[in-house]
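Each remark here refers to the structure printed beneath this line.
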Amino acid sequence: MTTTGDIESTSDGAPRDPRDRVERYQPTAIEPRWQARWADLRLYDTDLDDRSKPRFYLLTMYPYPSGALHIGHWYIKTPTDAIARYKRMHGFNVFLPIGFDAFGLPAENAAIKNNINPRDWTMANIEKMRGQLRSMGATFAWDHEVVTCDPEFYRWNQWMFLQFLKKDLAYRAVSPVDWCPNDGTLAREQVEGTDRVCWRCGAKVEKRELPQWYLGITDYADELLDFSGIDWPEPIKAMQTNWIGRSTGAEVAFTTAPSAHHAGGEELRVFTTRPDTLFGATFMVLAPEHELVATLTAPERKAEVDAYVAAAAAKTEIDRLSTDREKTGVAIGADAINPVNGARIPIYIADYVLGTYGTGAIMAVPAHDERDFAFAQAFGLPIVQVVMPPDGDPEADLAAAFTEHSPDEVMVNSGRFTGRKATDAWGEIVDWLGEQGKGEPAVTYRIRDWLISRQRYWGTPIPVIHCTDCGPVAVPEADLPVLLPETVDYRGSGDNPLTRDEAFLAVDCPQCGKAARRETDTMDTFIDSSWYWFRYLSPHFAEGPVDVDLVRDWTPVDQYTGGAEHAVMHLLYSRFFTKAMRDLGLADAREPFRRLFNQGQILGADGERMSKSRGNVEDPDALVARYGADAVRLYLMFMGPWDQGGPWSAGGISGPVKFLNRVWALTIDPHGREPGDQTGGALPAGEEEHDARDRMRAAAHRTLRDVTEDYEGFRWNTMVAKLMELSNLLVRYRGTSVAGLPEWDEAVRLLLLMLAPAAPHITEELWSRLAEARGEAWESIHVQRWPVVDEAAIVEQTREIPIQVNGKLRDRITVPAGISEIELEQIIMARDKVVAAIGEKQVARLIHAGGGRLVNIVLRG
RNA sequence: GGCGAAGUGGCGGAAUGGCAGACGCGGCGGUCUCAAACACCGCUGAGGGAAACCUCGUGUGGGUUCGAAUCCCACCUUCGCUACCA
């Protein structure tokens with residue numbers, strides 16, 4: 001270290017900046033050097049078989065290789081790296097893998113545009129992004145990298161699909177599906193917003209009737225509602241719960257009434273969550289696509305009904321909604337019979353009843369359902385109140401549907417149930433229907449099975465062969481992987497080129513041996529992300545998708561970090577896959593991620609989502625080149641709470657930059673003083689050397705205690721603030737007589753250790769220089785143990801106590817720490833300000849609050 | 001419409017029943033410098049006052065409490081998700 005401690009000695013020569021004699025902080029010189037050194041030493045390779053330390057599987061959502069990292073990647077990944085480093089300093093064997101979500105449409109679009117293979121485009125991007133990820137100084141276990149477009153990975157997508165087929169967890173069905181002109185078919189949860197657009201490309205989605213492959217996620221609906229044993233953010237659990245949408249109720253069998261054109265007696269089942277309102281059903285509504293519409297429609301109504309059905313079928317969901325909830329429908333000229341009272345009620349079709357939910361038919365109870373109420377009003381249908389508050393009028397005209405369903409409500413106009421509490425009667429009615437074989441308890445879900453077929457090239461081929469005789473036949477496991485053809489003929493079109501690739505298509509049926517055709521759909525890329533963290537453990541394992549022993553030791557993941565935008569997609573699929581894999585004996589945990597943290601999103605300076613088209617994208621490479629990775633890491637952590645995100649503003653980065661410069665100066669030049677320093681190297685007024693030494697120790701250990709808590713809770717912003725506070729104190733003592741004393745050295749050492757996980761390069765550099773100055777051998781700061789708080793150092797001799805009168809701050813006194821309440825009260829009551837604030841009033845009592853932290857004097861009157 | 005999150009200085013934010021505004025940005029004044037930049041020191045919620053201090057102040061209105069940014073009730077605003085789910 002180069003320190004002389006005496007700046008006056010330079011002043012007799014030509015005037016010059018005294019700081020020039022000290023080396024300045026140059027992050028761009030330091031950072032690549034340490035990154036290379038860490039890599040050479042294999043400092044962050046994880047030995048997964050090491051049983052001497054507790055394991056910690058830290059996972060962060062893998063990036064899509066779009067071509068460049070953006071600041072959002074830094075926002076999630078650098079604090080995650082800080083967690084890894086912090087946990088290592090606590091003796092954990094930390095596994096922090098990284099990989100690439102390498103299948104997907106952008107590669108295909110690039111291929112069409114530039115007439116190159118999507119693989120080449122993808123792999124070039126990956127190579128570039130690897131370099132960018134390294135520039136973060138993050139401790140990723142690169143030797144476990146997974147790239148999902150590698151056959152070594154996607155063959156196991158195919159293998160698992162075959163296992164799912166055997167268990168009927170994968171199946172093919174023809175049904176109306178959401179079709180995006182760019183991405184092909186989409187799963188239900190991949191269509192967003194009121195105007196029904198594709199989650200990825202934003203194009204409007206239309207309905208198509210197609211044969212498609214599904215995974216039976218609904219089989220696991222109930223288990224997916226159980227979040228016990230995992231520590232996830234409440235909003236995500238709420239979103240998943242809403243998405244799964246479990247409704248308990250009953251299926252009730254209405255029957256068709258005999259009429260001129262129909263014999264009657266046919267069952268019409270409805271699902272209801274309100275069996276207690278059965279007596280109020282005044283009509284019935286079928287979805288236009290309901291299978292019985294054709295047979296039940298009266299001849300004279302046929303033309304109108306057919307027209308309505310055709311119109312509904314032609315309408316996309318967009319159009320259905322654009323009618324702004326105005327109810328439309330047509331009576332079909334047939335009646336149904338209500339099983340509870342034998343009432344004949346007319347049957348309508350209306351598009352507000354969905355064919356895909358429940359039974360596709362409802363009993364309409366206009367008095368107690370807003371939609372039914374609106375329909376009844378529009379069509380002049382009777383409205384009969386059957387549930388009301390205890391003081392209600394059963395014959396009153398309702399202005400709106402009465403949907404309250406609390407223990408107070410009583411039933412009216414309901415035959416033998418009249419006068420009963422509605423909540424009590426709910427179950428009895430279901431039981432009563434059950435005894436007569438006219439209904440039973442039922443549960444329905446909003447969630448649909450996961451549609452995984454995509455009409456795209458750049459994905460995992462679905463391992464199925466279509467034979468004219470045998471139908472769809474699974475590719476034998478021995479024939480896996482079904483490889484994507486290397487050369488692709490796009491002919492400038494956006495179609496799936498597999499459909500034109502005769503070499504790919506032509507194959508013999510594995511069952512009968514006749515000429516057959518391969519399935520050309522590929523899998524939704526969310527399949528890849530549904531289990532990639534299992535593969536990280538053994539990326540080259542050839543005997544199966546996962547090494548079951550490693551999975552047992554290392555999963556579930558201890559901590560997962562990533563965005564909340566995947567709440568009902570990736571984060572739900574992953575839970576499903578884990579449970580399905582468990583049932584295949586591939587995993588033994590029922591949940592994938594023990595703890596989940598959703599960071600916020602970094603927006604552009606304009607407060608909008610960052611996007612190239614808006615021109616508000618912040619380039620992390622440029623920031624790193626200018627300020628260094630440590631400053632960028634620290635600034636992102638310092639911005640605000642991690643789960644909050646917020647608009648980017650480059651201005652604030654100067655704070656962390658200045659902080660790092662001070663840490664640098666404190667460490668390599670403790671005796672130096674800045675040229676404008678007006679303190680003359682003196683301690684703060686009234687402070688003796690021993691006071692200063694105590695203060696440094698106390699501050700360092702109090703900071704350690706608080707910062708440790710902040711690390712545990714991922715509260716980076718306050719963590720950085722507290723380190724800044726400590727460094728501010730040391731800056732004040734720099735160049736004074738206490739700089740360089742043991743308490744100073746300890747405070748600097750603790751400051752570096754506490755900062756190390758967040759700013760790994762500068763701390764490593766300074767740590768090495770401290771070792772060098774002491775003539776010790778270098779040992780990385782990142783393999784040091786996290787320091788231990790000395791509670792004795794924090795204990796203070798005196799305390800400052802705020803004094804309130806009637807809750808208003810009136811005075812502050814400094815007293816010895818161990819003072820008794822009686823002594824304290826004597827001092828307080830003698831204070832001028834307190835006496836003045838009390839005035840003529842009487843003191844009612846004194847409150848010693850918060851364990852002696854504050855005193856409040858309460859006055860009478 | 002439903003579910004969820006959040007409203008605090010000029011700005012990002014801290015404080016989750018006990019001193020509101022930690023820490024930082026920006027701003028103002030000073031030191032250093034021939035000068036500027038950097039760096040360093042001080043001030044910086046609003047109003048009043050020469051000052052000591054006083055009053056007001058955490059979206060709005062009420063409530064609980066000795067004491068409320070924090071807890072409760074009602075409302076307003078913003079953001080995210082959802083969208084006729086019977």
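Just so it is clear, the model here is predicted, and its values are computed rather than measured. Below, chain A is the first sequence line, B the second, and so on; all start at residue 1. For the numbers below, each heavy atom of this structure counts, side chains included, while hydrogens, waters and symmetry mates do not.
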Closest nucleotide among A39(B), C23(B), C84(B) to the M724(A) side chain: C23(B)

So which heavy atom on K833(A) is nearest to which on R810(A), and how close? CD-O, 3.5 Å

What parts of residues 234-245 of chain A reach RNA chain B, counting only heavy atoms under 4.0 Å away? P235(A), M239(A), N242(A), W243(A)

Students often get this wrong, so: under 4.0 angstrom with heavy atoms, is T356(A) touching a base, only sugar-phosphate, or nothing? nothing

Measure from the ring center of F526(A) to the ring center of W450(A) and say whether it is less than 6.0 Å. no

Regarding the side chain of D369(A), the nearest nucleotide among A86(B), A22(B), U82(B) is A86(B)

R673(A) side chain to H671(A) backbone, donor-acceptor under 3.5 Å: no

Determine whether the aromatic ring centres of Y627(A) and Y635(A) lie less than 6.0 Å apart. no

What residues form a side chain to side chain contact (heavy atoms under 4.5 Å, CB included) with N728(A), not counting sequence neighbours? R662(A)

Per-nucleotide protein contact along nucleotides 11-18 of chain B, 5' to 3', at a 4.0 Å heavy-atom cut-off (B base, S sugar-phosphate only, - neither), is -BSS---B

Could you walk me through whether Y445(A) and Y357(A) pass the ring-ring contact (aromatic ring centres under 6.0 Å, His included) check? CA-CA 8 Å; Y445(A) 302 89; Y357(A) 184 79; 9.5 Å; no

What closest approach, in Å, do E23(A) and I668(A) show between heavy atoms, and which atom pair accounts for it? O-CD1, 3.3 Å

What's the closest nucleotide to the side chain of A721(A) if the choices are A86(B), C66(B), A22(B)? A22(B)

Are any non-hydrogen side-chain atoms of W648(A) and L603(A) less than 4.5 angstrom apart? no

Counting runs of three or more consecutive pairs, Watson-Crick or G-U wobble, with each distance below 3.5 Å, where are the stems of RNA chain B? B:1-7 with B:76-82, B:10-12 with B:23-25, B:26-31 with B:39-44, B:45-48 with B:53-56, B:59-63 with B:71-75

Within this structure, what is the NZ-to-C1' distance between K841(A) and C66(B), rounded to whole angstrom? 14 Å

Is the shortest side-chain heavy-atom distance between M284(A) and P346(A) below 4.5 Å? no

For a quick test of reading the model: is some side-chain N or O of R662(A) closer than 4.0 Å to OP1 or OP2 of C40(B)? yes

When all nucleic acid strands are considered with a 4.0 Å heavy-atom cut-off, which category describes D643(A): base, sugar-phosphate, or nothing? nothing

Got a sec, which residues hit side chain to side chain contact (heavy atoms under 4.5 Å, CB included) with A682(A), two or more places apart in sequence or on another chain? none

Hey, is G57(B) sitting syn or anti, using the within-90° cutoff around 0? anti

Determine, for nucleotides 47-55 of chain B in 5'-to-3' order, which nucleotides have protein heavy atoms under 4.0 Å from the base (write B), from only the sugar-phosphate (write S), or from neither (write -). ------SSS

